Engineer: 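Quick one: structure below, then a few questions.
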Amino acid sequence: MSGVKTALARRKPVDLGTNRDRIVEAAIALFNARGVRDVTTNHIAGHLGISPGNLYYHFRNKEEIVRAIFPRIDAAVHAAVELPGPEGITPERLAAYYLAGLENLSAYRFFFADVSYLVGRDPELAVLHRAQHDWLAATLVTLFKILQRDGRMDRALGDADLHRIAVNAFIIWWSWLGYVRSTTPEVTLDRRVSAAGALQSFLILAPYLEPRYRARARAVLERGARLPRSRVATRR
């Protein structure tokens, strides 16, 4: 319980003036700490010291709570992948995209660890999730084309393959925490685990990048994620 209280204390809620906002904040902390499957609406109500009826006034079930959280996740994803200006995408900026995604993965790890389960239980959430996926895929293809324009990425790749690279990165990204949880259930889903997932996702793109650019981006990524640097990544 102390870990949940710490998580709540560290978060910066938009507004804790209403029970609805408090419910959402508490749900995020509890879901992250215990996993969304193991937390009930009664757990959330009990944690907040409110009656189940009070919670039910705002949310009829857990699916509605997760759906209320999703706009925060979506806003964080959009903010993490902002298109660059005329200066293009420096290696530092490319790494920053992954590090920002890492922060989102950690902040909402309950969602990414169980996304298939969550969208399978809620058709409305599934629609929102697919829209997020489509927007992110299109945005990443745009970023890849900027890299190609600037000679940072293999220009022989067409739109279809650029889209496949984006989808492959998603497969790693959205399944990473679930994979870790299923193969090493004793591991805590902390920042280091999320950082490893960010690197796995980056390595989908890495072979198509210009070697020196790739080395610089990977070095920044590993440093920002506090991972051991690879000798291969820094080779000139």
Side-chain angles (χ1 to χ4, degrees), residues 1-81 99-133 136 170 173-181 185 187-195 197-198 225:
M1 183 64 71
S2 61
V4 176
K5 290 182 178 178
T6 300
L8 276 171
R10 288 177 178 173
R11 294 190 64 81
K12 296 181 178 179
V14 176
D15 178 9
L16 289 183
T18 69
N19 274 347
R20 183 182 176 88
D21 298 319
R22 294 176 62 226
I23 291 166
V24 167
E25 287 293 326
I28 293 171
L30 288 168
F31 289 160
N32 280 340
R34 303 179 188 175
V36 69
R37 301 192 196 203
D38 293 332
V39 176
T40 67
T41 53
N42 283 347
H43 288 141
I44 299 169
H47 179 76
L48 289 170
I50 63 176
S51 69
N54 194 325
L55 186 147
Y56 185 80
Y57 176 79
H58 298 284
F59 300 103
R60 291 175 296 175
N61 51 50
K62 189 164 58 176
E63 287 73 31
E64 287 192 356
I65 297 176
V66 173
R67 203 181 311 137
I69 294 170
F70 185 81
R72 300 186 182 206
I73 301 173
D74 197 47
V77 169
H78 278 68
V81 196
L99 291 173
L102 178 159
E103 295 295 342
N104 292 339
L105 193 69
S106 180
Y108 300 102
R109 55 191 175 275
F110 80 88
F111 182 84
F112 295 101
D114 240 347
V115 63
S116 296
Y117 167 78
L118 292 170
V119 300
R121 288 178 59 89
D122 185 352
E124 290 185 48
L125 182 65
V127 171
L128 296 172
H129 177 63
R130 283 195 296 271
Q132 181 189 80
H133 170 275
L136 191 51
F170 296 157
W173 193 252
W174 277 317
S175 64
W176 175 248
L177 293 182
Y179 166 77
V180 170
R181 191 176 65 180
V187 171
T188 301
L189 299 183
D190 57 14
R191 178 185 169 85
R192 189 172 181 83
V193 171
S194 298

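Values in this document were obtained by computation on a predicted structure and should not be read as measured data. Positions are given from 1 along the sequence. Side chains are part of it too, since the values below use all heavy atoms of this structure and drop only hydrogens, waters and symmetry mates.
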Engineer: Do I50 and I23 come within less than 4.5 Å of each other through their side chains, counting heavy atoms only?
Structural biologist: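 Yes; the side chains approach each other to less than 4.5 Å.
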Engineer: Could you state the interatomic distance from NE2 (H58) to OG1 (T41), rounded to the nearest 0.5 Å?
Structural biologist: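 If we round to the nearest 0.5 Å, H58:NE2 and T41:OG1 are 13.0 Å apart.
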Engineer: Taking all heavy atoms of G101 and all of A80, pick out the closest pair and write down the distance.
Structural biologist: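 The pair with the smallest heavy-atom distance is N-CB, 4.4 Å.
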Engineer: If the condition is salt bridge (charged side-chain N to carboxylate O under 4.0 Å, His left out), which residues does R121 pass it with, not counting sequence neighbours?
Structural biologist: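 Checked R121 against salt bridge (charged side-chain N to carboxylate O under 4.0 Å, His left out); matches are E63.
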Engineer: Determine the minimum heavy-atom distance between I44 and A26, stating which atoms define it.
Structural biologist: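 Distance-wise, the nearest heavy atoms are CG2-CB, 4.3 Å.
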Engineer: Could you go through V24 and R72, starting from their C-alpha distance and side-chain angles, then the distance that decides it, and tell me whether this counts as side chain to side chain contact (heavy atoms under 4.5 Å, CB included)?
Structural biologist: CA-CA 10 Å; V24 167; R72 300 186 182 206; 3.6 Å; yes
Engineer: Could you state the interatomic distance from CZ (F111) to CG (N104), rounded to the nearest 0.5 Å?
Structural biologist: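 With rounding to 0.5 Å, CZ (F111) is 12.0 Å from CG (N104).
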Engineer: Enter the distance from E25:CD to I69:CD1 here, rounded to the nearest 0.5 Å.
Structural biologist: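 Here the interatomic distance stands at 8.5 Å.
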Engineer: Do I73 and Q132 make a side-chain contact, defined as non-hydrogen atoms from C-beta onward lying under 4.5 Å apart?
Structural biologist: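 The answer is yes; the side chains approach within 4.5 Å.
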Engineer: Would you indicate whether the side-chain heavy atoms of F110 and V39 approach each other to under 4.5 Å?
Structural biologist: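 Side-chain contact under 4.5 Å: no.
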Engineer: Taking salt bridge (Lys or Arg N to Asp or Glu O under 4.0 Å) as the cut-off, I'd like each qualifying pair that reaches into residues 41-58, sequence neighbours left out, listed once.
Structural biologist: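 Non-adjacent pairs meeting salt bridge (Lys or Arg N to Asp or Glu O under 4.0 Å): zero.
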Engineer: Do side-chain atoms of H43 reach the backbone of T40 as a donor and acceptor pair under 3.5 angstrom?
Structural biologist: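 Side chain of H43 to backbone of T40: a pair is present.
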Engineer: Atom CG in N42, atom NE2 in H47: separation rounded to 0.5 Å?
Structural biologist: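 N42 CG to H47 NE2: 14.5 Å, rounded to 0.5 Å.
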Engineer: Please give me the minimum heavy-atom distance between A45 and L55, naming the atom from each residue.
Structural biologist: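 Taking A45 first and L55 second, the nearest heavy atoms are N-CD1, 3.8 Å.
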Engineer: With a 4.5 Å heavy-atom cut-off, do L99 and E103 have their side chains touching?
Structural biologist: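 They are not in side-chain contact.
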Engineer: Only counting residues at least two apart or in another chain, list the ones meeting salt bridge (charged side-chain N to carboxylate O under 4.0 Å, His left out) with R67.
Structural biologist: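 Counting only residues at least two positions away or on another chain, R67 forms a salt bridge (charged side-chain N to carboxylate O under 4.0 Å, His left out) with D122, E124.
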Engineer: Quick check: does any side chain N or O of H78 sit under 3.5 Å from a backbone N or O of D74, one acting as donor and the other as acceptor?
Structural biologist: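 Yes; judged by distance alone, with no hydrogens or angles, the pair exists.
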Engineer: Could I get the full list of ring-ring contact (aromatic ring centres under 6.0 Å, His included) partners for Y179, not counting sequence neighbours?
Structural biologist: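 Y179: ring-ring contact (aromatic ring centres under 6.0 Å, His included) contacts with W176.
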Engineer: Looking at R22 and N19, would you say the former's side chain and the latter's main chain have a donor-acceptor pair under 3.5 Å?
Structural biologist: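 Checked: no pair found.
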Engineer: Would you find more than 12 non-hydrogen atoms of other residues, nucleotides or ligands less than 6.0 Å from Y117 atom OH?
Structural biologist: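 Result for OH/Y117: enclosed.
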Engineer: Going by side chain to side chain donor-acceptor pair (under 3.5 Å), name the residues that satisfy it together with R37, two or more places apart in sequence or in a different chain.
Structural biologist: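 Checked R37 against side chain to side chain donor-acceptor pair (under 3.5 Å); matches are D114.
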Engineer: For a quick test of reading the model, state the closest non-hydrogen atom pair linking A107 to N32 and the distance between them.
Structural biologist: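 Taking every non-hydrogen atom into account, O-ND2, 2.8 Å.
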Engineer: Could you work out, with ring-ring contact (aromatic ring centres under 6.0 Å, His included) as the rule, every residue matching F59, not counting sequence neighbours?
Structural biologist: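 Once residues adjacent in sequence are excluded, F59 has no partner under the ring-ring contact (aromatic ring centres under 6.0 Å, His included) criterion.
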Engineer: Please report the interatomic distance CG(N54) to CZ(R20), rounded to the nearest 0.5 Å.
Structural biologist: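 It is 12.5 Å, given to the nearest 0.5 Å.
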